[in-house]
2 protein chains.
Amino acid sequence: MEVYKGEKKRLYLENNSIAHLFSFQVEAFIEVHEYRRDEWIIQEGMRPDFLFYVMEGKAKIYVTHQNGKVSLINFINAHDYIGEMELLNDVYYTKGIQASTKIICFAIPFHRYRTQLLDDAKFLREMTKFLSVKATHMAAKYSQSLAFPLENRLADFILQTADEGIYKEKHVTVCDYLGVSYRHLLHVLTQFCDKNYLQKEGRNYQIKQSHSLNELAEVLKNK
Amino acid sequence: MEVYKGEKKRLYLENNSIAHLFSFQVEAFIEVHEYRRDEWIIQEGMRPDFLFYVMEGKAKIYVTHQNGKVSLINFINAHDYIGEMELLNDVYYTKGIQASTKIICFAIPFHRYRTQLLDDAKFLREMTKFLSVKATHMAAKYSQSLAFPLENRLADFILQTADEGIYKEKHVTVCDYLGVSYRHLLHVLTQFCDKNYLQKEGRNYQIKQSHSLNELAEVLKNK
DNA sequence: CTCGAAATATGAGATATCTCATATTATTCA
DNA sequence: TGAATAATATGAGATATCTCATATTTCGAG
């Protein structure tokens, strides 16, 4: 992890303003943090001292269960917040946040700004939107995970994450995200290949019949 | 559904103030709605015109999937909001909300108050707390549903909903909530009886070994 | 370059959960 | 009161998913 200092910090702040998110001056005590791929931005169970706002890069939210299973609860992208749960709630079990690419965030120290943040209608309004989307998204994932087999959820995931017709996510990550065993994920992927929805190329998969995958994925959506 | 009028309304407002939730006067155009058990407060897919604040009673949030399965996403209790997603988001698939007891709510018309609500730090602060709890709760349910079999989740549910050592929820409701088939729920309940964790009495179940259920439920929690 | 860890792969048997069929009570409402 | 509807109950076979064992390949650190 690197904390930008001096000229590097000044330059970054100048080129990436977040003044529009607040109705007060937040620049004074703000920090700019950069994390490398696979680095932990927040350790599970350890309350952070900052509210983070992601400027560039991606990350993952993890929770570890007592039976050893790990759930990838969600992905974090540019313009998402990290640590907002701890800002708002005194009691909260902190999830682990791991960078999945190089990631640069603004880090707003709680002890300097907590009071002002919680009084700022502009910030709070953005936060309600962010949280309502988050809650809705989790509710959707929850109900879908119980109502549909992996086949449908995987089809959706493949279409969402494929790049130029190529799907190349790490199996391990996908297992944690969709909540199934490695073995079963491979099963269903093989089925997709057998049906010629996908074609395996080395360790990637090329989408051959996106309409078939689409059909499977469409069922998840409520119109 | 009954809308309180005249003296009845005046009296209810007098005895149940919600002035503390806002920093502006909201009384003028507020309505008081009472719904009977099983009545739909919001129809799935139909945007409501009010933000509701539940004063007394309980309700359930439902969503219907394309394959016909129904998910009971969550329970709503006194002091919860209804319709906040629609207040905050222009695009949102509205879930169905059904009263499970007689329920009385304050109904705050969007078209009168939307702007003021979205500018009121006091209201927004409460809303962020409400939403963060909601999001956290859904995330927990989601990851637990994937990481643990029904046995654990049902034990937790029984302990949470039992009244004086007696569990008496409707099986159908529980299936929708825990996302399992009726058949399987009965299976696991029978197992609990076989192991003497529960004892069936007519259509209720008496808890005989709460420590055993506790053990099963504890595994869900992250400490 | 090499070793060990991580990621990929595959088989086989176990189990959690589902579907469907059918029967027996409760409950509601005309 | 009687008939329709909802809720409870149980059996049996299907399938979605898991666990475990094991092999191969990839890749980063020393």
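Fair warning: this is a prediction, and the values are worked out from it, not measured in the lab. Residue numbers begin at 1 in each chain, while the letters A, B, ... track the order of the sequences.
The side chain to side chain donor-acceptor pair (under 3.5 Å) check on A:Glu215 picks up nothing, with sequence neighbours excluded. Remark: B:Lys8 engages B:Glu2 in a side chain to side chain donor-acceptor pair (under 3.5 Å) (not counting sequence neighbours). In this structure, the ring-ring contact (aromatic ring centres under 6.0 Å, His included) partners of B:Phe75, at least two apart in sequence or on a different chain, are B:Tyr177. With sequence neighbours left out, A:Lys69 forms a side chain to side chain donor-acceptor pair (under 3.5 Å) with no residue at all. In terms of the side chain to side chain donor-acceptor pair (under 3.5 Å) criterion, residue partners of B:Lys141 (sequence neighbours excluded) are, by chain and number, A:Tyr142.
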Contacts table for residues 201-211 of chain B: side-chain donor-acceptor under 3.5 angstrom, sequence neighbours left out:
unit_1: B:Lys208; atom_1: NZ; unit_2: B:Gln199; atom_2: OE1; d: 3.3
unit_1: B:Gln209; atom_1: NE2; unit_2: B:Ser212; atom_2: OG; d: 2.8

Mind listing the side-chain donor-acceptor pairs of residues 151-170 of chain B below 3.5 Å, one per line with the distance, residues two or more places apart or on another chain?
unit_1: B:Glu151; atom_1: OE2; unit_2: B:Lys195; atom_2: NZ; d: 3.1
unit_1: B:Asn152; atom_1: ND2; unit_2: B:Leu216; atom_2: O; d: 2.9
unit_1: B:Arg153; atom_1: NE; unit_2: B:Phe148; atom_2: O; d: 3.4
unit_1: B:Arg153; atom_1: NH1; unit_2: B:Leu178; atom_2: O; d: 3.0
unit_1: B:Asp156; atom_1: OD1; unit_2: B:Lys221; atom_2: NZ; d: 2.8
unit_1: B:Asp156; atom_1: OD2; unit_2: B:Gln160; atom_2: NE2; d: 3.1
unit_1: B:Thr161; atom_1: OG1; unit_2: B:Phe157; atom_2: O; d: 2.8

Show which side-chain atoms of residues 32-40 of chain A pair as donor or acceptor with protein atoms under 3.5 Å away, not counting sequence neighbours.
unit_1: A:His33; atom_1: ND1; unit_2: A:Tyr35; atom_2: OH; d: 3.0
unit_1: A:His33; atom_1: NE2; unit_2: A:Glu31; atom_2: OE1; d: 2.6
unit_1: A:Glu34; atom_1: OE1; unit_2: A:Tyr4; atom_2: OH; d: 2.3
unit_1: A:Glu39; atom_1: OE1; unit_2: A:Met1; atom_2: N; d: 3.4
unit_1: A:Glu39; atom_1: OE1; unit_2: A:Arg36; atom_2: N; d: 2.6
unit_1: A:Glu39; atom_1: OE2; unit_2: A:Met1; atom_2: N; d: 2.3

Would you list the atom pairs, donor with acceptor, under 3.5 Å between side chains in residues 47-65 of chain A and any protein atom, with sequence neighbours excluded?
unit_1: A:Arg47; atom_1: NH1; unit_2: A:Asp90; atom_2: O; d: 3.1
unit_1: A:Arg47; atom_1: NH2; unit_2: A:Glu86; atom_2: O; d: 3.0
unit_1: A:Arg47; atom_1: NH2; unit_2: A:Asn89; atom_2: O; d: 2.9
unit_1: A:Tyr53; atom_1: OH; unit_2: A:His79; atom_2: ND1; d: 3.0
unit_1: A:Glu56; atom_1: OE2; unit_2: A:Tyr12; atom_2: OH; d: 2.6
unit_1: A:Lys60; atom_1: NZ; unit_2: A:Tyr62; atom_2: OH; d: 3.4
unit_1: A:Thr64; atom_1: OG1; unit_2: A:Glu44; atom_2: OE1; d: 2.8
unit_1: A:His65; atom_1: NE2; unit_2: A:Ser71; atom_2: OG; d: 3.0

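Atom CG in B:Asp38 sits roughly 12 Å away from atom C1' in C:dT28 (whole-Å rounding). The nearest whole Å value for the distance from the NZ atom in A:Lys168 to the P atom in D:dT26 is 16 Å. Atom P of nucleotide D:dT19 and atom CG of A:Leu185 are separated by 14 Å, given to the nearest angstrom.
Over its full length, the helix from C:dC1-D:dG30 to C:dA30-D:dT1 turns its helical axis through 50°, comparing axes from the five pairs at each end and rounding to 10°.
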Short N/O separations, protein against nucleotides 13-17 of chain D, under 3.5 angstrom:
unit_1: D:dT17; atom_1: OP1; unit_2: A:Leu150; atom_2: N; d: 3.3
unit_1: D:dT17; atom_1: OP2; unit_2: A:Leu150; atom_2: N; d: 3.1
unit_1: D:dT17; atom_1: OP2; unit_2: A:His184; atom_2: NE2; d: 2.8
unit_1: D:dT17; atom_1: O5'; unit_2: A:His184; atom_2: NE2; d: 3.3

Give every pair of a protein N or O atom and an N or O atom of nucleotides 4-10 of chain D that lie under 3.5 Å apart, one pair per line with the distance.
unit_1: D:dT8; atom_1: OP2; unit_2: B:His171; atom_2: N; d: 3.4
unit_1: D:dA9; atom_1: OP1; unit_2: B:Lys200; atom_2: NZ; d: 2.2
unit_1: D:dA9; atom_1: OP2; unit_2: B:His171; atom_2: NE2; d: 3.2
unit_1: D:dA9; atom_1: O5'; unit_2: B:Lys200; atom_2: NZ; d: 3.4

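When each of B:Lys134, B:Lys95, B:His137 is paired with B:Asn74, the side-chain hydrogen bond (donor to acceptor under 3.5 Å, both in side chains) condition holds for B:His137 and for no other.
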